[in-house]
Amino acid sequence: MSAGVFEPNFRKSSYSDRSDCVEVADLGGETAVRDSQNPHTGILRLPSSEWVFLLRAAAPS
């Protein structure tokens, strides 16, 4: 890694199984999401507030 390049600390959900999951990273005000099977294909960056909204909307009631 070259100087000045930030590498996010991605982590998997404890609810994920071994093969089908996404990884997330806190970017300080934003949340990055990527496919754990294909991490090189890019990331989706969302404001952290929108990530929280998405999680609440997807949670079982």
Side-chain angles (χ1 to χ4, degrees):
M1 177 171 33
S2 63
V5 176
F6 173 73
E7 184 65 31
N9 183 26
F10 281 94
R11 63 196 181 282
K12 290 183 184 180
S13 168
S14 60
Y15 291 101
S16 297
D17 66 20
R18 294 177 191 236
S19 61
D20 297 323
C21 58
V22 297
E23 296 175 322
V24 297
D26 180 21
L27 302 179
E30 289 186 316
T31 300
V33 184
R34 72 180 181 185
D35 179 351
S36 66
Q37 295 294 308
N38 299 291
H40 59 281
T41 59
I43 62 172
L44 173 65
R45 292 173 69 143
L46 302 165
S48 294
S49 59
E50 293 298 320
W51 177 246
V52 170
F53 179 81
L54 177 66
L55 292 178
R56 287 182 180 156
S61 34

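Not measured: the values here are computed from a predicted model. Sequence positions, counted from 1, serve as the residue numbers for this chain.
No more than 12 heavy atoms of other residues, nucleotides or ligands shown are found within 6.0 angstrom of CG on Asn9.
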Residue pair Arg45, Thr31: steps toward the side-chain contact (heavy atoms from CB on, under 4.5 Å) verdict
CA-CA 6 Å; Arg45 292 173 69 143; Thr31 300; over 6 Å; no

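Separating the CD atom in Glu23 from the NZ atom in Lys12 is a distance of 5.5 Å, to the nearest 0.5 Å.
Nearest heavy-atom pair, Asp35 versus Gln37, reported as atom, atom and distance to 0.1 Å: OD1-N, 2.8 Å. Closest approach of Arg34 to Gly42, counting heavy atoms only: CB-O, 3.6 Å.
Note: the hydrophobic cluster containing Leu44 also contains Val22 (ILVMFWY, side chain heavy atoms under 4.5 Å, direct or indirect links). Under the 4.5 Å side-chain heavy-atom criterion for ILVMFWY residues, a single connected hydrophobic cluster contains both Val24 and Leu46.
The shortest distance between side-chain heavy atoms of Val33 and Trp51 falls below 4.5 Å.
Partners of Glu50 by side-chain hydrogen bond (donor to acceptor under 3.5 Å, both in side chains), not counting sequence neighbours: none found. With sequence neighbours excluded, the residues satisfying side chain to side chain contact (heavy atoms under 4.5 Å, CB included) with Ser49 are Pro47. Residues satisfying the salt bridge (Lys or Arg N to Asp or Glu O under 4.0 Å) criterion with Arg11, sequence neighbours excluded, are absent altogether.
At distances below 3.5 Å, at least one donor-acceptor pair connects side-chain atoms of Ser36 with backbone N or O atoms of Cys21.
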